[in-house]
Protein chains: 2
Amino acid sequence: MATGLFCCHAVYDGAVTDLTSTGAATTPTKRGRGEKSSATIYDIAKLAGVNPSTVSRALSKPGRVSAKTQKIIEDAAAELNYQVNPFARALPTGRTQTIGLIVADITNPTFFDIIRGAETTGSARDYTLVLAESAESPETEVTAARRLLSTVDGLILASPRMDDDQIRALAADKPVAVINREISGVPCVVPDVNKGISEAVRSLAANGHEKLAYVAGPARSWMTGRRWEGVKAAAEWSKLSAVRLESSKPTVDGGRQVARDVLESGATAVITYNDLLAIGLMQELQAGGMSVPDQISIVGFDDIFGADFTTPALTTVRSPLGECGTRAVTILLDMLQGHEAPGEAVRVETELVVRGSSGRLLA
Amino acid sequence: MATGLFCCHAVYDGAVTDLTSTGAATTPTKRGRGEKSSATIYDIAKLAGVNPSTVSRALSKPGRVSAKTQKIIEDAAAELNYQVNPFARALPTGRTQTIGLIVADITNPTFFDIIRGAETTGSARDYTLVLAESAESPETEVTAARRLLSTVDGLILASPRMDDDQIRALAADKPVAVINREISGVPCVVPDVNKGISEAVRSLAANGHEKLAYVAGPARSWMTGRRWEGVKAAAEWSKLSAVRLESSKPTVDGGRQVARDVLESGATAVITYNDLLAIGLMQELQAGGMSVPDQISIVGFDDIFGADFTTPALTTVRSPLGECGTRAVTILLDMLQGHEAPGEAVRVETELVVRGSSGRLLA
DNA sequence: CAATATTTGGCAACCGGTTGACAAAAGGTG
DNA sequence: CACCTTTTGTCAACCGGTTGCCAAATATTG
């Protein structure tokens with residue numbers, strides 16, 4: 001029962017309120033259950049001398065009531081320091097002003113920018129982001145998604161691990177957008193890896209490398225395959241040989257573990273599925289006495305926070321993950337307003353960020 | 001209007017359900033509003049041949065109904081794939097099975113462990129974590145807190161920037177726990193910095209350092225003062241001189257900016273308010289040709305994710321932030337069950353983690 | 001100025017649970 | 001078997017908004 005989910009709350013879209021220090025200076029109603037509750041539309045209605053339904057309309061249906069009563073009601077609301085009760089609103093309407101975001105691992109910095117982008121874009125349009133973690137497990141993911149779906153207006157899946165059909169089933173219930181994976185029939189936002197990868201491979205080729213290794217990520221990650229294909233194609237084009245190596249997990253530790261395989265492969269340049277693998281790999285190789293980039297070049301993927309903490313700083317193919325989050329939210333909110341979902345996957349550009357961990361081969 | 005909040009959802013605590021692929025195989029009721037909704041206690045009541053209120057009791061008041069009807073109802077619930085509607089439950093009770101957590105910056109890794117710890121402990125007790133960000137601003141923080149407070153059962157403030165009185169006002173409304181700060185009358189969880197700091201200072205003294213600098217964090221951070229006092233006291237005890245330097249912001253960039261001041265201070269060892277400052281500082285000093293730790297030792301604070309990405313890896317005073325999160329949630333949930341809040345601040349131990357960035361002074 | 005069209009506000013039902021009060025059923029005792 | 005206590009299920013009100021429908025008030029038009 002340990003599906004962890006996190007969420008992000010929307011804002012009151014009605015009258016301006018001023019928060020006095022305690023917020024309880026003018027407690028309008030006291031409830032029996034012990035704690036002081038805040039004002040309701042009934043309190044406002046009484047104060048303004050109108051019907052509660054008029055208050056409801058004044059605060060959520062712009063134009064439905066006359067400017068005069070609108071003013072009276074807004075003043076009353078401000079005086080009582082009114083805030084809508086989101087539960088009461090959600091109950092009859094089903095609208096929660098909330099969108100869900102599921103990521104594989106909260107502590108994986110890859111997702112920070114996605115979260116940030118989604119959160120910023122969402123709250124700019126008065127939507128709350130609800131974040132859930134799947135702990136890299138397809139089962140947990142689908143459970144979390146199902147559960148979340150009943151609570152939110154729409155759902156974003158970042159690097160989902162579940163099956164295409166499961167995702168399509170979710171999308172049949174409510175608007176769904178996917179990041180980092182392409183699924184026909186579902187709106188998707190994917191970094192177009194080819195540009196960044198071909199820049200990376202060309203840069204490595206130009207530095208005299210001939211044998212390239214790709215360290216793959218989780219088997220269930222759609223992206224790991226796309227990136228490998230990109231590397232393979234670019235390597236072919238640049239007349240490099242490329243081998244694919246598997247990692248146990250897409251973390252620093254996984255990177256350390258794969259170091260032996262990398263050495264055995266004889267590759268002088270490595271592109272990894274993500275930056276964490278690159279960092280772990282680099283640490284392990286350096287610990288074994290190898291010099292980066294003199295003896296081996298390492299290129300990561302994503303350009304996460306911390307990619308420049310290392311010495312040498314990590315060369316990496318940057319994915320504009322913040323933009324992915326922003327785009328996904330935009331698509332979702334547009335769908336909620338009745339717009340059509342984009343027929344094609346939305347592509348955002350990747351680019352090579354050259355730092356110190358790649359360079360000319362000295363040997 | 002851009003207060004970003006994130007939240008984390010609890011789990012259905014009733015009957016076991018099986019999630020078939022679409023989850024819509026046996027759609028019990030269809031609502032007019034377009035989307036298929038899930039089963040309600042009324043559907044269950046009809047199927048089980050009892051009153052809805054009996055269903056409600058069977059599913060949430062253990063022992064209130066006979067074992068026989070309990071079984072019938074649970075079977076019916078399972079058959080209909082029932083999930084409680086959290087909004088409907090929250091409306092009359094006010095209980096949301098949700099606790100709020102406010103952090104200054106989601107992308108600051110210091111908070112990851114707190115979030116993780118809080119989330120894990122919370123979901124183990126069927127509580128959802130709602131995460132909000134204050135963007136290091138006291139105003140945003142108090143607004144977010146107020147807003148969140150109406151939606152959650154209790155609130156955790158991690159390194160709050162607002163005034164003591166504002167926090168006490170919040171605590172008057174609902175259970176509140178504070179991490180990384182001590183406020184009389186409010187339950188607090190604080191790392192006891194003295195042990196870790198004195199270990200750090202003693203280690204530096206033993207390595208021949210005589211002049212120590214402390215790079216402070218945000219003025220509004222209670223912790224920055226505590227740490228400085230700890231450093232001052234420990235330095236006195238070890239007969240080192242200590243100076244305090246201010247940083248513009250508690251980030252890598254802030255660390256880079258303070259490098260000049262550090263050099264001018266003439267200190268040969270630096271303890272920073274947090275690891276990000278330490279990393280930035282180390283980068284800048286190394287870029288300026290200084291050798292760490294041969295010419296200057298650097299000790300960070302917290303032991304964040306990535307503290308060992310650097311070369312040399314960062315020596316740091318580890319705060320058990322995960323445990324802080326766990327403790328805070330435990331206190332909060334106990335309070336929600338009617339327990340007394342602890343009178344004293346709960347203290348968790350810190351310890352020095354020696355890595356490569358501190359050591360003997362060679363000069 | 002009457003007749004008609006358009007706003008505007010009120011009534012009441014509803015969303016899906018929870019819970020106090022009470023009566024029916026079941027169990028215990030003399 | 002009558003009487004009393006305890007258990008168990010039902011009734012109905014309530015949480016705080018939303019919204020379809022209707023009537024009153026107002027504006028428009030002939």
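Just so it is clear: chains get the letters A, B, ... in the order the sequence lines come, proteins before strands, and each one is counted from 1.
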Next on the checklist: Looking at A/R95, I'd like to know whether one of its side-chain N or O atoms comes within less than 4.0 Å of OP1 or OP2 on D/dT19.
Outcome noted: yes
Checklist entry - How far apart are the C-alpha atoms of B/Q166 and B/E141, what are their side-chain angles, what is the distance that settles it, and do they pass the side chain to side chain contact (heavy atoms under 4.5 Å, CB included) test? => result CA-CA 10 Å; B/Q166 292 175 310; B/E141 190 175 67; over 6 Å; no
Next on the checklist: According to side-chain contact (heavy atoms from CB on, under 4.5 Å), who are the partners of A/R64, at least two apart in sequence or on a separate chain?
Outcome noted: A/R57, A/K61
Next on the checklist: Within the structure provided, determine whether A/V103 and A/I114 are in side-chain contact (heavy-atom separation under 4.5 Å).
Outcome noted: no
Checklist entry - Taking OH from A/Y42 and P from D/dA13, how many angstroms apart are they, rounded to a whole number? => result 16 Å
Item to check | Any A/M162 side-chain heavy atom under 4.5 Å of A/L157 side chain | outcome: yes
Checklist outcome for this item: Sorted by position of nearest nucleotide on DNA chain C, 5' first, the leading residue of B/K61 and B/F87 is B/F87
Checklist entry - Looking only at side-chain N and O atoms, does B/T40 come under 4.0 Å of OP1 or OP2 in C/dC15? => result no
Checklist outcome for this item: Scanning both residues in full, the closest heavy-atom pair of A/L155 with A/L332 reads N-CD2, 3.6 Å
Could you list, one pair per line, each protein nitrogen or oxygen that sits under 3.5 Å from a nitrogen or oxygen of nucleotides 9-11 of chain D, together with the distance?
unit_1 : atom_1 : unit_2 : atom_2 : d
D/dG9  : OP1    : B/S66  : OG     : 3.1
D/dG9  : OP1    : B/T69  : OG1    : 2.6
D/dG9  : OP2    : B/S66  : N      : 3.2
D/dG9  : OP2    : B/T69  : OG1    : 3.2
D/dG9  : N7     : B/R64  : NH2    : 3.1
D/dG9  : O6     : B/R64  : NH2    : 2.5
D/dT10 : OP2    : B/N51  : N      : 2.7
D/dT10 : OP2    : B/T54  : OG1    : 2.7
D/dT10 : O4     : B/R57  : NH1    : 2.7
D/dT10 : O4     : B/R57  : NH2    : 3.4
D/dC11 : OP2    : B/N51  : ND2    : 2.9
D/dC11 : N4     : B/S53  : OG     : 3.3

Checklist outcome for this item: Testing C/dC15, C/dG17, D/dG17 for proximity to the side chain of A/L91, the answer is C/dC15
Next on the checklist: Measuring from the side chain of B/S56 (C-beta onward, heavy atoms only), which nucleotide among D/dT19, C/dC15, C/dT18 has the closest atom?
Outcome noted: C/dT18
Next on the checklist: Measure CD1/B/I44 against C1'/C/dG17 and give the value in whole Å, please.
Outcome noted: 11 Å
Item to check | Separation of atom CG in A/N85 from atom C1' in D/dG16, rounded to whole Å | outcome: 6 Å
Checklist entry - So does A/T93 get a side-chain nitrogen or oxygen closer than 4.0 Å to the phosphate oxygens (OP1/OP2) of D/dG17? => result no
Item to check | Length of the line joining B/R89:CZ and D/dG16:C1', which is rounded to integer Å | outcome: 18 Å
Item to check | Residues B/D153 and B/T98: side-chain donor-acceptor under 3.5 angstrom | outcome: no
Checklist entry - What is the bend of the helix from C/dC1-D/dG30 to C/dG30-D/dC1 when you compare the axis at one end with the axis at the other, using five pairs each and rounding to 10°? => result 30°
Item to check | Distance test, side-chain N/O of B/Y82 to OP1/OP2 of C/dG17, below 4.0 Å | outcome: yes
Item to check | First encountered from the 5' end of DNA chain D, between B/A88 and B/A67 | outcome: B/A67
Checklist outcome for this item: Taken to the nearest whole Å, CD/B/Q83 to C1'/C/dG17 is 15 Å
